[in-house]
Amino acid sequence: MSFLPKPKLHHPKLPTNELGFTRRDYEGAISTLCAGCGHDSISAAIIQACWELSIEPHRVAKMSGIGCSSKTPDYFLGASHGFNSVHGRMPSVLTGANLANRDLIYLGVSGDGDSASIGFGQFAHSIRRAVNMTYIVENNGVYGLTKGQFSATSDKGSKAKKGAVNTDEAIDLVGIALQLGATYVARSFSGDKAQLVPLIKGALRHPGPAFIDCISPCVAFNNHEGSTKSYDFVREHNEAMNQLDVILGREPITTDYAPGEVREVTQHDGSILRLRKLHEEYDPTDRVAAMHHLHERKAAGEIVTGLLYIDPDPEDLHSNLGTVELPLNRLDDAALVPGAAALEKINAALR
Ligand SMILES: Cc1ncc(C[n+]2csc(CCOP(=O)(O)OP(=O)(O)O)c2C)c(N)n1
Ligand code: SF4
Ligand SMILES: [Mg+2]
């Protein structure tokens with residue numbers, strides 16, 4: 001069975017957000033993934049983030065490709081727009097939708113196979129074109145849906161369930177996103193909800209290309225000894241750079257920190273990202289330093305997590321192209337058919 005609706009009944013005392021919605025209003029169908037799959041924890045984190053931000057569900061467009069990870073949009077935001085595309089093609093479908101209607105909040109969910117193998121080019125171009133979106137890769141290092149082949153993010157030397165050793169170099173999507181100009185870059189772990197929820201909130205409020213690589217163990221095919229994407233391995237090697245709090249303008253700041261412990265970054269829309277430093281020297285606004293740090297810590301065997309890079313005032317595809325503010329389906333005849341004189345001007349410019 002591929003679709004299981006949830007009962008509609010709510011407990012009357014469930015907490016509500018500013019819109020009067022409960023968390024249940026941000027859920028979707030019942031998950032059909034394996035019990036313990038990291039992807040389900042990421043769906044729960046997305047639900048929590050959207051609920052806490054009081055996002056109107058109809059303002060979200062959730063897009064995905066093919067894979068267990070790409071199935072997950074069915075399990076959250078049941079009242080949002082959704083498009084389950086072809087394997088690896090989510091980024092171009094999202095780009096097109098975004099160009100047609102910039103008023104929606106675009107959330108792309110993908111897998112390591114979907115984005116680092118068949119869709120690697122699509123991933124790269126959506127980032128370098130600065131599409132305003134939150135792009136989450138649920139990274140388990142395998143093709144889960146097709147039963148556990150190595151993916152392009154499997155680390156060299158890591159072992160498959162039946163013992164085969166991966167001899168190919170891994171693609172680090174965080175490194176690629178940094179190089180291609182993503183303006184919000186994070187890595188997290190499906191097993192660390194406290195870290196992941198604020199990272200998703202910050203990404204959803206970010207007005208440019210936001211990328212989150214979320215390590216998400218596949219309990220069926222990649223959670224054994226010798227895997228570098230298992231729960232045990234990630235817990236042992238996780239090195240968090242910072243802990244993020246997202247504060248919307250109206251919320252009072254309640255926690256006290258010693259001077260220098262916290263770095264605040266104000267995004268374009270007024271939301272404040274409070275970064276509690278866990279590594280004194282780490283500066284998340286320095287792209288080159290972030291790239292250097294990533295390589296250095298990887299060589300030391302660590303998996304670096306947290307908000308790795310942020311440009312709080314980014315450009316995006318629309319500002320680069322100088323497009324109209326209105327969604328295309330709201331343009332009236334006068335804008336769409338400007339008349340013979342306008343056509344003549346365009347033709348003259350091409351002669
Ligand atoms: C064009 C095309 N090629 C191959 C496949 C087979 N296929 C389906 S899912 C998948 C890999 C999914 O891996 P990933 O994106 O990592 O998702 P996961 O299941 O691990 O979450 C492949 C190769 C397909 N559906 N379409
Ligand atoms: S096969 Fe792996 S990725 Fe797919 S649902 Fe099961 S645990 Fe999750
Ligand atoms: Mg995968």
Side-chain angles (χ1 to χ4, degrees), residues 1-4 28-46 62-76 82-94 107-124 126-127 135-156 158-162 164 166 168 170-174 176-177 187-191 196 211-235 303:
M1 189 181 297
S2 60
F3 178 82
L4 294 172
I30 292 171
S31 172
T32 57
L33 302 186
C34 307
C37 175
H39 299 350
D40 278 333
S41 308
I42 302 174
S43 297
I46 291 171
K62 45 179 188 165
M63 316 285 220
S64 63
I66 298 291
C68 298
S69 35
S70 291
K71 284 170 69 178
T72 63
D74 205 22
Y75 314 139
F76 58 80
F83 196 97
N84 187 208
S85 77
V86 184
H87 197 21
R89 270 58 169 189
M90 175 274 285
S92 55
V93 177
L94 189 153
L107 172 59
V109 173
S110 180
D112 42 309
D114 201 57
S115 281
S117 297
I118 193 168
F120 192 43
Q122 297 245 333
F123 161 77
S126 67
I127 300 281
Y135 192 134
I136 302 177
V137 169
E138 306 191 343
N139 187 355
N140 53 19
V142 286
Y143 299 167
L145 190 72
T146 52
K147 305 213 174 297
Q149 301 85 351
F150 288 125
S151 80
T153 67
S154 305
D155 287 309
K156 191 171 182 177
S158 65
K159 277 196 185 142
K161 198 171 172 181
K162 294 210 169 142
N166 180 26
D168 297 338
I171 291 173
D172 183 349
L173 291 172
V174 157
I176 304 285
R187 175 148 45 215
S188 192
F189 172 42
S190 64
L196 181 57
F211 176 67
I212 303 176
D213 175 34
C214 189
I215 301 173
S216 175
C218 168
V219 289
F221 300 110
N222 206 14
N223 196 32
H224 46 268
E225 217 182 311
S227 158
T228 56
K229 301 278 192 288
S230 65
Y231 282 107
D232 286 348
F233 188 91
V234 180
R235 281 197 190 107
I303 302 172

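We count ligands from 1, going down the list as the structure has it; atoms in each ligand are counted the same way. Nothing here was measured: the structure is a model prediction, and the numbers come from that model.
Here the side chains of Leu196 and Cys214 are in contact, with some heavy-atom distance below 4.5 Å. No side-chain heavy atom of Leu94 sits less than 4.5 Å from a side-chain heavy atom of Phe83. Within the 4.5 Å cutoff, the side chain of Ile42 has no heavy atoms near those of the Thr72 side chain. Counting only heavy atoms from C-beta outward, the side chains of Pro217 and Phe233 never approach each other to under 4.5 Å. At a threshold of 4.5 Å between non-hydrogen side-chain atoms, the residues Arg89 and Gln122 count as touching.
Residue contacts with ligand 1 for Val142 involve N, CA, C or O but no side-chain atom from C-beta outward (heavy atoms, distance under 4.0 Å). Looking at Asp114 against ligand 1, both its backbone and its side chain come within 4.0 Å, counting heavy atoms. Of all the heavy atoms of Asn222, none lies under 4.0 Å from any atom of ligand 2, so neither backbone nor side chain is involved. Under 4.0 angstrom from ligand 2, the non-hydrogen atoms of His39 all belong to its side chain.
Side-chain N or O atoms of Ser126 include one that pairs as donor or acceptor with a backbone N or O of Phe123 at under 3.5 Å. When atom types are taken as modelled, the side chain of Asn166 and the backbone of Ser154 share a donor-acceptor pair closer than 3.5 angstrom. Without hydrogens or angle criteria, Asp213 side chain to Arg187 main chain gives no donor-acceptor distance under 3.5 Å. A donor-acceptor pair is defined here as one N or O able to donate and one able to accept, closer than 3.5 Å; such a pair exists between the side chain of Lys62 and the backbone of Phe76.
Taking SG from Cys218 and NE2 from His224, the interatomic distance works out to 9.5 Å, rounded to the nearest 0.5 Å. Ile46 contributes atom CD1, which lies 6.0 Å from atom CD of Glu138 (distance to the nearest 0.5 angstrom). Residue Ile118 holds its CD1 atom at 13.0 Å from OG of Ser151, rounded to the nearest 0.5 Å.
Protein heavy atom closest to atom 13 (O) of ligand 1, with residue, atom name and distance, is Tyr143 CA, 3.5 Å. When only non-hydrogen protein atoms are considered, atom 16 (O) of ligand 1 lies nearest to Gly113 N, 2.8 Å. Considering only non-hydrogen protein atoms, atom 4 (Fe) of ligand 2 sits nearest to Cys68 SG, 2.4 Å. Nearest to atom 17 (O) of ligand 1 among the protein's heavy atoms is Ser69 OG, 3.2 Å. Residue, atom and distance of the protein heavy atom nearest to atom 25 (N) of ligand 1 are Ile66 CG2, 3.7 Å. Atom 6 (C) of ligand 1 has its closest protein heavy atom at Thr146 CG2, 3.9 Å.
Listed by number with element, the atoms of ligand 1 under 4.0 Å from a non-hydrogen atom of Asn140 are 18 (P), 20 (O), 21 (O). Those atoms of ligand 2 that come under 4.0 Å of a heavy atom in Ala220, given as number and element, are 1 (S), 7 (S). Under a 4.0 Å criterion applied to the non-hydrogen atoms of Cys37, ligand 2 contributes the atoms 3 (S), 5 (S), 7 (S), 8 (Fe). Residue Cys34 has at least one heavy-atom neighbour below 4.0 Å for each of these atoms of ligand 2: 1 (S), 5 (S), 6 (Fe), 7 (S). Distances below 4.0 Å separate heavy atoms of Asn140 from the following atoms of ligand 2: 3 (S). Short contacts between ligand 2 and Leu33, defined as distances under 4.0 Å to a heavy atom of the residue, involve ligand atoms 5 (S). Heavy-atom proximity to Phe221, at under 4.0 Å, picks out these atoms of ligand 2: 1 (S).
Among the atoms of Ile118, none of the N or O lies under 3.5 angstrom from an N or O of ligand 1.
Taking all heavy atoms of Lys71, Glu138, His87, Arg89 into account, the minimum distance to atom 23 (C) of ligand 1 is reached by His87. Considering only non-hydrogen atoms, atom 7 (S) of ligand 2 lies nearest to Val219 out of Val142, Val219, Thr146. Taking only non-hydrogen atoms, the option from Ala220, Gly148, Gly144 nearest to atom 20 (O) of ligand 1 is Gly144.
The shortest non-hydrogen separation linking Ala116 to Ala152 is O-CB, 3.5 Å.
Atom 4 (Fe) of ligand 2 does not have Cys218 among its coordinating residues (no N/O/S atom, backbone or side chain, under 2.8 Å).
At a 4.0 Å cut-off, at least one heavy atom of His39 sits close enough to ligand 1 to count as contact.
With Ile66 as the fixed residue, the side chain to side chain contact (heavy atoms under 4.5 Å, CB included) test singles out one of Leu145, Thr146, Val86: Leu145.
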